[in-house]
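A short write-up of the structure that comes next.
Heavy atoms only: backbone and side chains are in, while hydrogens, waters and symmetry mates are out.
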Amino acid sequence: MLTAFARAFKTPDLRKKLLFTLGIIVLFRLGAHVPVPGIDYQNVQQCMDEAKAQQGLFGLVNMFSGGALMQITIFALGIMPYITASIILQLLTVVIPRLEALKKEGQSGQAKITQYTRYLTVALAILQGTGLVATARSGSLFQNCNVGDQIVPDQSIFVTITMVLTMTAGTALVMWLGELVTDRGIGNGMSILMFVSIAAGFPSALWAIRQQGKIMDGWLEFGLVILCGLAMVALVVFVEQAQRRIPVQYAKRMIGRRSYGGTSTYIPLKVNQAGVIPVIFASSLLYIPALIAQFSGSDSEWATWIEANFVTGDHPVYIVTYFLLIVFFAFFYVAISFNPEEVADNMKKYGGFIPGIRAGRPTAEYLSYVLNRITWPGSLYLGLIALVPTVALVTLNANQNFPFGGTSILIIVGVGLETVKQIESQLQQRHYEGFLR
């Protein structure tokens, strides 16, 4: 990997792309530290020092914003509204025939879907920004802070609207920066910004574990967390690269005096076909009961039960529910993202077949059977990876700021692998010797 980056910097056009990407990353991190107008920054920092951990109902969004959410900066919402909008549009593509038709139109249809995603991102940013401002005004953002209700000194309508519009504009700017990286930089811009946001919280989280440790002045716990992180990275790389290759043979056809086809290829079915989407779905869904109990202010039995079982994250009910939701969403997302019947029809149209399997419906049934078989280990792997922070919460007393969480590791390793592959492919195109040898 380091060799690929060194060779890339020696290539002039790739060096420009890498430097442009680094410049966008610097701007993105600078914006994550600029406070929103109307916020008492000193009170926010005091509450952050008292909390000493990024926890609570906004932990997932705070991770994707690189810690900007709890500091209430202009990039407080980060890339999360765009991620949510993209997932919603992808799910609606299966339900709404108009979106499905746009998806089949190719590049023009995809451009239209991207435009819809931008509009939905802005709408979600307004909604989430309003919720964040309301939470900060009420003092619920930092419940155990003495000055938690003094974060927004001026609670007038004008200041509230200004704060919401500022955070919405920040989200739109982040979306634009991500698209700039995609067009003029290296890799997928949104994924790169997500990678940077998550990686930005690693140093402080690791040092907090060292300070909270009790054995050998905390260095033993620090070393165990590093070893655990390296083991998790190795496991994630191994599983993310694992795939079931289904052989496909294309029949030879004679058109005039020329023969076409007769080639063999394969359909790569990944073990983790759903990626990190099931973990995000399950985490977001589990926030809803705690969010309802918090804002209802009720002291009834149901609210007490939810606060006892779904807020801390280390209760057996929470763990079992989280694991089952991840397994369910893994199968659900694979079912809507991969259509065996469509793949079988395309193979039949171009004269392809799986050796030993008849074309048409038997091929679709075979693909569905294989996909269900490999989704089981993939979903169980996602569930186990996602429960690592909970295990750390109980054993290392690392609070919910454990750096090597399932979602963060999956995203960082996935984005890193994809970016390195793109750099290597572009290097291969520029240094191809071919028949000149």
Side-chain angles (χ1 to χ4, degrees), residues 1-9 11 13-25 28 63-64 66 78-80 82-87 89-90 107 110 113-114 117 174-175 177-200 202 229-230 232-245 266-280 330 333-334 337-338 374 378 381-382 385-386 404-431:
M1 184 177 69
L2 295 178
T3 305
F5 276 103
R7 290 175 57 197
F9 269 100
T11 307
D13 53 342
L14 279 182
R15 182 170 62 246
K16 291 180 180 179
K17 290 185 175 182
L18 288 173
L19 292 177
F20 179 81
T21 304
L22 291 175
I24 295 295
I25 289 174
F28 177 65
M63 181 186 69
F64 282 111
I79 204 70
M80 196 62 181
Y82 183 84
I83 298 173
T84 308
S86 301
I87 294 174
L89 262 296
Q90 192 170 6
Q107 187 174 359
Q110 189 62 42
I113 294 178
T114 303
T117 305
V174 169
M175 182 171 56
L177 292 176
E179 292 179 355
L180 281 180
V181 173
T182 303
D183 296 336
R184 302 174 55 183
I186 293 291
N188 185 287
M190 301 301 175
S191 300
I192 293 292
L193 295 183
M194 195 188 312
F195 174 93
V196 172
S197 298
I198 297 173
F202 271 39
L230 293 176
M232 286 185 60
V233 169
L235 174 63
V236 171
V237 170
F238 177 77
V239 178
E240 292 296 322
Q241 298 294 327
Q243 57 183 220
R244 168 77 156 86
R245 297 182 176 182
Y266 61 86
I267 301 175
L269 296 180
K270 295 180 63 177
V271 173
N272 182 22
Q273 192 82 5
V276 73
I277 301 297
V279 181
I280 297 176
Y333 188 78
V334 169
S337 61
F338 186 88
I374 66 172
Y381 144 80
L382 281 177
I385 289 291
F404 298 108
T407 309
S408 58
I409 288 294
L410 287 171
I411 293 175
I412 283 181
V413 173
V415 175
L417 289 174
E418 189 63 28
T419 304
V420 171
K421 286 180 181 178
Q422 291 194 16
I423 293 176
E424 290 180 345
S425 64
Q426 295 193 29
L427 283 173
Q428 188 175 8
Q429 292 175 4
R430 287 163 176 78
H431 295 85

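In this structure, the separation between CG on Leu230 and CG on Leu235 is 12.5 Å, given to the nearest 0.5 Å. Atoms CG and CE, from Asn188 and Met194 in turn, are 8.0 Å apart once rounded to the nearest 0.5 Å. Rounding to the nearest 0.5 angstrom, the gap separating the CG atom in Leu193 from the CD1 atom in Ile198 is 11.5 Å. Within the model, atoms OG1 of Thr114 and CE of Met175 stand 10.5 Å from one another, a figure rounded to the nearest 0.5 Å. Here the straight-line distance linking atom OG of Ser197 with atom CD1 of Ile25 works out to 10.0 Å at 0.5 Å rounding. Interatomic distance, Ile87 CD1 to Tyr333 OH, rounded to the nearest 0.5 Å: 7.0 Å.
For Gln110, there are no side chain to side chain donor-acceptor pair (under 3.5 Å) partners at least two apart in sequence or on another chain. For Thr117, the side chain to side chain contact (heavy atoms under 4.5 Å, CB included) criterion is met by Tyr82, Ala85, Ser86, Leu89, Ile113, Thr121, not counting sequence neighbours. Looking at residues two or more places apart in sequence or on another chain, you find no side chain to side chain donor-acceptor pair (under 3.5 Å) involving Arg15. Partners of Glu418 according to the salt bridge (charged side-chain N to carboxylate O under 4.0 Å, His left out) rule, which considers only residues two or more places apart in sequence or in another chain, do not exist here.
Residue pairs that meet the salt bridge (charged side-chain N to carboxylate O under 4.0 Å, His left out) test with at least one member in residues 183-192, sequence neighbours left out, do not exist here.
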Exercise for review: I would like to know whether Tyr381 and Leu410 meet side-chain contact (heavy atoms from CB on, under 4.5 Å); could you show each step before the answer?
Suggested key: CA-CA 11 Å; Tyr381 144 80; Leu410 287 171; 3.1 Å; yes
Point to revise | Check against side-chain contact (heavy atoms from CB on, under 4.5 Å), Ile411 and Ile409 | key: CA-CA 5 Å; Ile411 293 175; Ile409 288 294; over 6 Å; no
Exercise for review: Begin with the C-alpha distance, continue with both residues' side-chain angles, and end with the deciding distance and a verdict on side-chain contact (heavy atoms from CB on, under 4.5 Å) for Val415 and Thr419.
Suggested key: CA-CA 6 Å; Val415 175; Thr419 304; 3.9 Å; yes
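Contact annotation: the side chain of Ile412 never approaches that of Val236 to less than 4.5 Å [non-hydrogen atoms, C-beta and beyond]. Using a 4.5 Å cut-off on side-chain heavy atoms (C-beta onward), Ile423 and Leu18 make contact.
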N/O donor to acceptor pairs below 3.5 angstrom from side-chain atoms of residues 267-280, sequence neighbours left out:
unit_1	atom_1	unit_2	atom_2	d
Asn272	OD1	Gly275	N	3.3
Asn272	ND2	Glu240	OE2	2.7
Gln273	OE1	Lys270	N	2.9

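Side chain of Thr21 to main chain of Ile186: a donor-acceptor pair is present (N/O by atom type, distance under 3.5 Å, no hydrogens or angles). At least one donor-acceptor pair closer than 3.5 Å links the side chain of Thr182 to the backbone N or O of Gly178.
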